[in-house]
Amino acid sequence: MSIRTLTAKILDEHIVSGVAERGQEIAVRIDQTLTQDATGTMAYLQFEATRTPKVKTEISVSYVDHNTIQIGYENADDHKYLQTVADKYGITFSRPGNGICHQVHLERFGCPGKTLLGSDSHTPTGGGIGMLAIGAGGLDVALAMSGAPFYMSYPDIVLINLTGKLGKWVGAKDVILKVLEHFGTKGNVGVIAEYGGPGVKTLTVPERATITNMGAECGFTTSVFPSDEVTRVFLKAQGRGEQWKSLSADKGAVYARKFDIDLAKIEPLTAKPHSPGNIARVKDMGGIKVDQVCMGSCTNSSFRDLMIFASILKGRTIHPDVSVVVGPGSKQVVEMLSDNGMLAEMIKSGVRLAENACGFCIGNSQSPGSGAVSLRTGNRNFLGRSGTKDANVYIVGPETAAASALTGKFTDPRELEKSKIKYPAIKLPGKFRVNDNMIIPPSKSGANVEVIRGPNIGEPPAGLPLADVIEAKVAIKLGDEITTDHIIPAGARMKYRSNIGKYSEYLFEVVDSGFAKRALAVKATGKSNIIVAGASYGQGSSREHAAICPMYVGVKAVVAKSFERIHSANLINFGIMPLVFKTPADYDGIELGDELKIEGIHDCLKLGADIKLRNITKGKNIFLIHSFSKRQVEMLMAGGALNLIGGQG
Ligand code: MIC
Ligand code: SF4
């Protein structure tokens, strides 16, 4: 047997076709899937369109954790649909109140060596337990549930070599912020980060999961830790010891690149507004006044994280000018904190308790005040995501969050020692509290189960086949690093996820609220729309609505300097061409409202040739490149993957 990386070992066991060479398209068998409600409704509608009688994965879990506010009937309609569709088609259902998908999946279902595909970009959280866990659009997850493989390009495998041991007052969040400082938030498409080195064994599984969770912000396809004795102990404590297997890279395995981190040298870090890649040292923040602290999200809401936060607050009152909210990650975590009294301690300190759900992280509640400074333990601080456009959101670890909640200013937690506050070292319990009464297994035979579709449940929209000639207008011109939160907001708008017409009205709301009207007006004349953007278009979420809604308003292509992986796949799935400037400087010669024409598209796609875009307004030609696989060309020609499924059905 050749000497292999850990990633290669898992991939080798799952590749069903393709060549295991960097950049080549491979098809990978998927063992497990997860969905959450904000992407799940569309994913299950698409799954139904495949007419598969029962999911073909080892296990598929449907979580409800995003839209739990329930103002109006929409969220509850979605939940009912999700519960009944799960029951019918062999999907395990995690009820609202049970927790955030990634945290619960790690606790109850994650399994070393397995592949997991999730319709949420933070699915790589499962890498903390040694899974190859990948985020994708809902349609790809629907296809995986129907037994189809997942297509990806064979990754560049990078080693992040950990040595030493974390000191007091720092945590896994500071480690991943260090990784972000080095790798940045762009230019990492097609990379899998593999963790190794002697420092690995000093981190618990939930700490590892914090690190793999936020690898999504670097744009890594996923991140993965070895499965070792620490993993075995965690699984045993979850009552799942028999699911453990040992997994690590072979000695001498070769990596595309290596990055060394000495854990002992890590200091408390933060990501400043408005990007998770904007890293600074907490001690250099000059004690900025803080208005809000939000503790939770899928990055930092494990038992360990809440215990450290609660222990720092214990017996003290939060600062009078700071609003502090805690959203625990799962029912298991809340039950344990309630049993050991720490929930009561947090409440005594003045904490506002939120549901075990995404909550503040997705901006559907706890929006900060105008111009406020909000310290959050989540993973994303994109402009406007909190629900307040002019708020300044900083990403921090639980230690910094707790310290700042007490002092009312940005505080390096190491400073607490001066006030005689001792560092509370937290040990994981030998046994977690296992109570799966909010997890509903599906019916053995779903034949008689009725799927309930309230008025909020629509049809998944399908696109039109690609014409050979496109006449279009530039509908918007954007800069670098446009995230899916810029393209289509979540937060209060998210309840329209199952109503594409309505949701599309909010396209580009934070950057250019006139977009949707303008694009629809062009569509009404029979022409198409083209989006022009800079580098790294489509960062962030896996939400396929960032492709479905543009399709709905007549967008046929996005022309950019570069694209992020999940979004680019979503565009193709919905019949929109992601095209790259052959000469990046051409970006400067194209403007909002320019009239464009592309001819002979079909041949260019089939032959892999450059596409000539005629800018009629400027009287100039621009050349665009692409590297679509044969499968992707078929999808684009058909006007999206759903049309292909329809054709087969
Ligand atoms: C997010 O963190 O942005 C979300 C909301 O979880 C998204 C999924 C979505 O938009 O439904 C993600 O990360 O993929
Ligand atoms: Fe939920 Fe936030 Fe995690 Fe997305 S990042 S899954 S919104 S907790």
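For ligands, and for the atoms within them, numbers begin at 1 and follow the listed sequence. Side chains are part of it too, since the values below use all heavy atoms of this structure and drop only hydrogens, waters and symmetry mates.
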Can you confirm if the NZ or CZ of Lys502 lies within 45° of the ring axis of Tyr496 and under 6.0 Å from the centre of its six-membered ring?
yes
the protein heavy atom lying closest to atom 10 (O) of ligand 1 turns out to be Arg543 NE, 2.6 Å
If I apply the N/O under 3.5 Å rule, does Asp485 come out as touching ligand 1?
no
I'd like the residue list for ligand 2, meaning every protein residue with a non-hydrogen atom under 4.0 Å from the ligand.
His66, His102, Asp120, His122, Ser297, Cys298, Cys358, Cys361, Ile362, Asn379, Arg385
Scan side-chain atoms only and decide if Glu564 and Ser536 contain a donor-acceptor pair under the 3.5 Å cut-off.
yes
So that I know where these two stand, are Tyr89 and Tyr44 an aromatic pair - ring centroids less than 6.0 Å apart?
no
Hey, does Met635 have a side-chain heavy atom less than 4.5 Å from the side chain of Asn573?
yes
In terms of side-chain heavy atoms, does Ser146 have a donor or acceptor partner in Thr50 at a distance below 3.5 Å?
no
Per-atom contacts, ligand 1 versus Ser542 - under 4.0 Å to a heavy atom:
12 (C), 14 (O)
Greater than 12 external heavy atoms within 6.0 Å of Tyr503's OH
yes
Contact region, Arg385 to ligand 1, non-hydrogen atoms below 4.0 Å, reads side chain
If you measure from atom 6 (O) of ligand 1 to every heavy atom of Asp37, Thr35, Asp120, which option wins on shortest distance?
Asp120
Against heavy atoms of Thr39, which atoms of ligand 1 measure under 4.0 Å?
9 (C), 11 (O)
Below the 3.5 angstrom mark, is there an N/O of Gln36, backbone or side chain, next to an N/O of ligand 1?
yes
Is a donor from one side chain sitting under 3.5 angstrom from an acceptor on the other, for Ser330 and Asn356?
no
Polar contact flag, side-chain donor to acceptor under 3.5 angstrom, Ser301-Asp305
no
Is ligand 1 less than 4.0 angstrom away from at least one heavy atom of Arg497?
yes
Which protein heavy atom lies closest to atom 13 (O) of ligand 1, and at what distance to 0.1 Å?
Ser121 OG, 2.5 Å
Region of His66 engaging ligand 1 - heavy atom pairs below 4.0 Å
side chain
